[in-house]
Amino acid sequence: MNEALHPAMQPHFDTVVARNPGESEFHQAVYEVMLSLGPIAGQRPQYAQWSILKRICEPERQIIFRVPWVTDKGEVEINRGFRVEFNSALGPYKGGLRFHPSVNLSIIKFLGFEQVFKNSLTGMPIGGGKGGSDFDPKGRSDAEIMRFCQSFMTELYRHIGQYTDVPAGDIGVGGRELGYLFGQYKRITNRYESGVLTGKGTSWGGSRVRKEATGYGTVFFAQEMLKRQGESFDGKRVVVSGSGNVALYAIEKVHQLGGTVIACSDSNGYLVDQNGLDLEQLKDLKEVRRERLSAYRADTAHHVTEGSIWDVECDVALPCATQNELNETHAKTLVSNGVRLVAEGANMPCTPDAIKVFQAGDVLFGPGKASNAGGVATSALEMQQNASRDSWSFDVTEERLQQIMRDIHTRCVTTAEEFGDPGNYVAGANLAGYMKVADAMVALGVI
Ligand code: GLU
């Protein structure tokens, strides 16, 4: 975080840091937004007032709870559960649940804060929130996952509802976990309230394309960025970090659009195949067998456990793993290897210093708030289908997603131009997302 904030913003940022000690990820997310708000302080000072900013930086409600559960061996385990209901000016709190050992209040607050602006940018009527637990699903049996989810929901159910707060998945929370969570919610409340969770299975109220939406949306957004330069994915060599839900479906869409994904990764290393990764094998490995990437087999592929996936030469890089996975050094390597475009599929995967390197190197850069908003936007489409007791076809839903990503792209481009910084997608996304939330908050009064 080397770049100085606008002098009007610095004292506000210092106050946020002092009020939230030790929460480095949350500080970083606030810093990134405040960095973009510099031009607003000069051109539309009413938006830069501390009276608005300080409300936006303070979650409306933060819930922390104990999650007790019993392992297959009969041992009692305790995890910590979180739900941060950040902002409901535009609609019910909306955002995923993350189950990962690294989860703490700082991480949930950074994710919730970003979600507020991301959701605003989608143009859909959804506020922002996030939750999760430091539970580690790795190596746990199905029965253990179920007991954990049931215990987690036994506390969470009282805080959520289709008009209140609508969780979904994130890292470590997919269709299986959402099934157990929804089942327990239904049992406790005695209500088949489909709209209380999104990312559900398609046989029990879920939307088609929701599983694919974050990855597909990231690639649709990158496609718009390329189109604006008169380019396309055709023939591009693409590196996608991660191998979870976002990564797998980003790979699928890149291949459909004529690009070749030559590398992906997990926490043990990365896999390179210059002929293009075999997606069917990857899906079987990750979605069915729940194995590591080292189990992937192909004559032309090799698995690397040293260095970084960002050492692999490519035209397009899509970081789809986790926060701060791509730092300044990685960014410099990518730039010197000739990368043309970087779009974030994960939340905050690039550090502020890495983003600076891309911008200085004339690399097209799509920030997650814009480029990965397809997941939550399709969640909002799921809420629409649930509210009308309807179920749309794959093609209709995918078309809606693609249109939403086009609209977000246009919103970023026109807002960046309006504030005299054409081509700066970070500024466009933050400013457009922020102004809409700020307008609604002012309209609703001091609440
Ligand atoms: N966890 C996803 C995100 O980061 C999706 C949230 C949702 O669908 O509510 O945007």
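Here the structure is a predicted model, which means the values were calculated and not measured. Just so you know, these numbers use all the heavy atoms, side chains as well, and skip hydrogens, waters and symmetry mates. Order of listing sets the numbers, starting from 1, for every ligand and every atom in it.
- When hydrogens are left out, the protein atom nearest atom 9 (O) of ligand 1 is K94 NZ, 2.7 Å; that is the closest non-hydrogen contact.
- Listed by number with element, the atoms of ligand 1 under 4.0 angstrom from any heavy atom of N347 are 4 (O).
- Ranking the protein heavy atoms by distance from atom 6 (C) of ligand 1 puts G96 N, 3.5 Å first.
- For the residue pair S194 and R389, no side-chain donor N or O sits within less than 3.5 Å of a side-chain acceptor on the partner.
- Remark: ligand 1 atoms within the under-4.0 Å shell around heavy atoms of A168 are 7 (C), 8 (O), 9 (O).
- Of all the heavy atoms of K130, the ones lying under 4.0 Å from any atom of ligand 1 belong exclusively to the side chain.
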>> Is there a side chain to side chain donor-acceptor pair (under 3.5 Å) between Y216 and Q402? Walk through the geometry before answering.
In response: CA-CA 8 Å; Y216 278 20; Q402 188 164 14; over 6 Å; no
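- The nearest heavy-atom contact from the protein to atom 5 (C) of ligand 1 is R210 NH2, 3.4 Å.
- We find that K253 and E398 are joined by a salt bridge, their nearest charged nitrogen and carboxylate oxygen being less than 4.0 Å apart.
- Judged by distance alone, with hydrogens and angles left aside, the side-chain atoms of E177 form a donor-acceptor pair with the main-chain N or O of G174 at under 3.5 Å.
- Ligand 1 lies less than 4.0 angstrom from a heavy atom belonging to K118.
- Checked against a 3.5 angstrom limit, the closest N/O atoms of G169 and ligand 1 fall inside it.
- Side chains of N347 and K118: a donor on one and an acceptor on the other come within 3.5 Å.
- Among protein heavy atoms, atom 8 (O) of ligand 1 sits closest to S379 OG, 2.6 Å.
- A salt bridge links K200 with E382: the closest approach of a Lys/Arg side-chain nitrogen to an acidic carboxylate oxygen falls below 4.0 angstrom.
- Here Y180 and F148 keep their ring centres 6.0 angstrom or further from each other.
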